[in-house]
Amino acid sequence: MSAFKTICERLMINITLPDGNIKRFDNPPTGLDVAKSISEGLARNCVAMELDRSLVDLNTRISENARVRLITTKDAEALEIMRHSAAHVMAQAIQNLYKDARLTIGPVVEDGFYYDIDMEPVSEADFPKIEAEIEKLVKEKLPFERQLVSKAEALKFYGDEKYKLEMISDLADGTISFYKSGDFTDLCRGPHVPHTGFVKAVKLTKVSGAYWRADQNREQLQRIYGTAFFDKKELKAYLTFIEEAKKRNHRKIGEAQDLFSFHDEAPGMPFFHPKGMVLWNTLLEYWREEHRRAGYVETKTPIMLNRSLWEKSGHWENYRENMYTSVIDETEYAIKPMNCPGGMLLYSRRPHSYKELPIRAAEIGLVHRHELSGVLSGLFRVRVFHQDDAHIFMMPNQIEAEILGVLRLVERIYSTFGLGFNLELSTRPEKSIGSDEQWKSATDGLLSALKAYGKGFKTNEGDGAFYGPKIDVHIQDALGRTWQCGTIQLDMSLPERFDLSYIGADNEKHRPVMIHRVICGSIERFLGILIEHFAGKFPLWMSPVQVAVLAINDEMAPYAHEISSALQEAGLRTEVDSRTESLNKKIREAQLNQIPLILTIGAKEKESGTLSVRTLDGNVQFGISQNEFLDAVLSHIRDKKPDFMIFDKKGS
Ligand SMILES: [Zn+2]
Ligand SMILES: [Zn+2]
């Protein structure tokens with residue numbers, strides 16, 4: 001009896017699940033068998049499995065004891081696997097409809113997938129037809145079957161599909177996997193969802209041109225993008241989000257509100273218009289106010305410095321291809337891509353005592369970085385921008401307090417705009433400079449500041465810069481999108497390279513600890529984010545035009561100008577609309593331009609000396625005295641309130 005049991009046990013397959021539970025099978029099970037042994041419901045929602053740390057198809061047979069993690073539609077990996085399967089289904093649909101279509105590659109990208117196809121040009125008008133064909137294939141629940149073939153067989157299979165042949169020829173000799181769904185077969189590593197029915201909600205999103213192998217001397221292809229979800233509701237929410245993001249596009253709003261523009265004469269270098277400059281200055285005035293309060297001083301260093309400086313800082317060796325250079329009086333110069341070296345020169349121009357530390361030196365520095373023209377994108381990716389930099393020089397025992405101070409400043413500034421944020425700590429990477437002891441004291445300093453600050457944070461082990469650990473700050477906008485803006489980086493390299501020092505209490509020379517930090521990052525990009533975050537509806541304190549003064553008729557125009565001047569005198573940004581247009585039209589335009597306060601000026605207002613005020617939320621108030629108006633508006637601005645409730649609180 002016991003001998004029999006031993007033999008059986010030897011033949012049995014033990015599957016260890018993530019929770020440590022072990023399932024035993026008499027015969028080699030597939031992932032689906034494992035799922036079914038737990039529950040039918042689970043089996044229905046499984047899309048793939050992780051078998052000894054690699055992702056494989058659910059129907060893979062497990063022939064020896066293994067660790068298995070079932071991937072269900074709820075897991076992060078599931079969406080990618082399904083979207084990749086959706087790319088197959090789209091390619092299959094296209095080949096059904098366009099007999100001459102030749103496939104190349106179809107990867108998953110953020111938010112969806114695409115397939116590059118050599119075919120007649122298609123447009124969005126063709127999408128419904130393709131989507132209908134996809135629907136048909138989805139309804140058929142065609143199983144994805146993996147097939148292993150030799151390289152020779154693969155080449156034979158593809159006959160005249162020249163792109164696939166080229167791809168196979170580039171592969172090393174050995175087995176090649178194909179995936180078959182219905183009568184469609186594609187060269188693919190996998191894994192896939194069990195069948196096409198898992199592709200529940202699909203939508204094609206855009207089409208663009210692309211070159212085979214990204215080589216403009218090769219064939220031009222159609223790159224068709226799509227997205228897919230496990231649930232129709234999720235797809236709908238995503239499409240609504242995309243619509244909303246499109247409406248908020250900062251380039252569109254920048255154009256509509258006359259904020260900034262780009263010109264062919266200076267690609268990737270924004271021109272700010274008067275109204276854009278108001279946003280710019282308002283942001284920076286606020287930024288300076290907060291920095292003064294937090295004990296910062298402001299500096300300004302030149303944008304061009306000579307080659308020997310960049311050699312000393314290491315940029316000449318490591319960053320030169322991104323720098324614009326010039327020769328002046330036979331000396332090579334580079335336009336700064338970062339403010340740091342200038343900041344180091346300023347610190348090192350005279351000796352410092354420990355009593356001066358910490359020194360918090362901020363600089364709104366104008367930097368240039370060469371970006372490839374293909375990646376330029378509005379204010380988000382430019383070749384010239386301003387960094388809201390600061391270098392803080394301190395003693396090692398000041399790290400915690402200084403980092404904590406920066407975190408509090410970050411919170412103050414972001415919360416004024418109603419932006420949420422998350423923190424990420426990155427620790428020592430494999431390749432790094434500095435001693436173990438230095439890294440420990442630096443990382444401990446950052447860690448204890450984060451703990452003292454009390455907001456949770458994520459740790460990215462080994463993701464720090466080679467010169468020190470860092471804390472990245474990711475902001476979250478009104479649409480829930482995240483953007484990395486702020487960063488606090490401890491630097492052990494530059495103080496060495498520039499031989500920075502301070503005289504300690506012991507009268508000896510010491511090396512200061514230095515951090516770089518930005519809060520907005522790039523002012524240009526931060527403004528772009530704010531434009532999208534507010535959807536162009538800026539809070540009153542930032543608004544380029546705060547008050548529109550509309551004359552009811554030509555006769556009232558002089559009085560409208562009089563009112564406008566009085567408000568300007570009190571510090572408000574106003575604009576008079578004295579065109580011979582109907583009042584309704586003027587109101588509508590002012591509202592479209594998101595002007596927070598609209599005053600309509602008629603005979604009644606002139607006679608009584610009061611104001612009729614319309615706020616952007618549609619609220620109208622009559623008979624407000626000028627003083628009452630100014631008190632309410634100026635205090636709302638002073639407090640930088642995010643809402644448009646300007647008069648309600650006063651009950652007027
Ligand atoms: Zn595939
Ligand atoms: Zn710096």
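Along the sequence shown, residues are numbered consecutively beginning with 1. Because only heavy atoms are used, hydrogens play no part in the values below, and waters and symmetry mates are left out as well, while side chains stay in. Indexing begins at 1, ligand by ligand and atom by atom, following the structure's order.
- Ring-plane geometry between H516 and H391 is classed as perpendicular, the angle between the planes exceeding 60 degrees on a 0 to 90 degree scale with a lower cut at 30.
- The atom of H516 that is an N, O or S and sits closest to the Zn ion (ligand 2) is ND1.
- Taking the six-membered ring where the residue is Trp, H192 and Y179 present tilted rings, their angle falling between 30° and 60°.
- Annotation: angle subtended at the Zn ion (ligand 1) by H192 NE2 and H84 NE2 is 110°, to 10°.
- The existence of a salt bridge linking R102 and D160 is confirmed by a sub-4.0 Å separation between a basic side-chain nitrogen and an acidic carboxylate oxygen.
- Side-chain contact between F421 and I413: absent, with no pair of heavy atoms (C-beta onward) separated by less than 4.5 Å.
- In this structure, NE2 of H391 and SG of C340 enclose an angle of 120° at the Zn ion (ligand 2), rounded to 10°.
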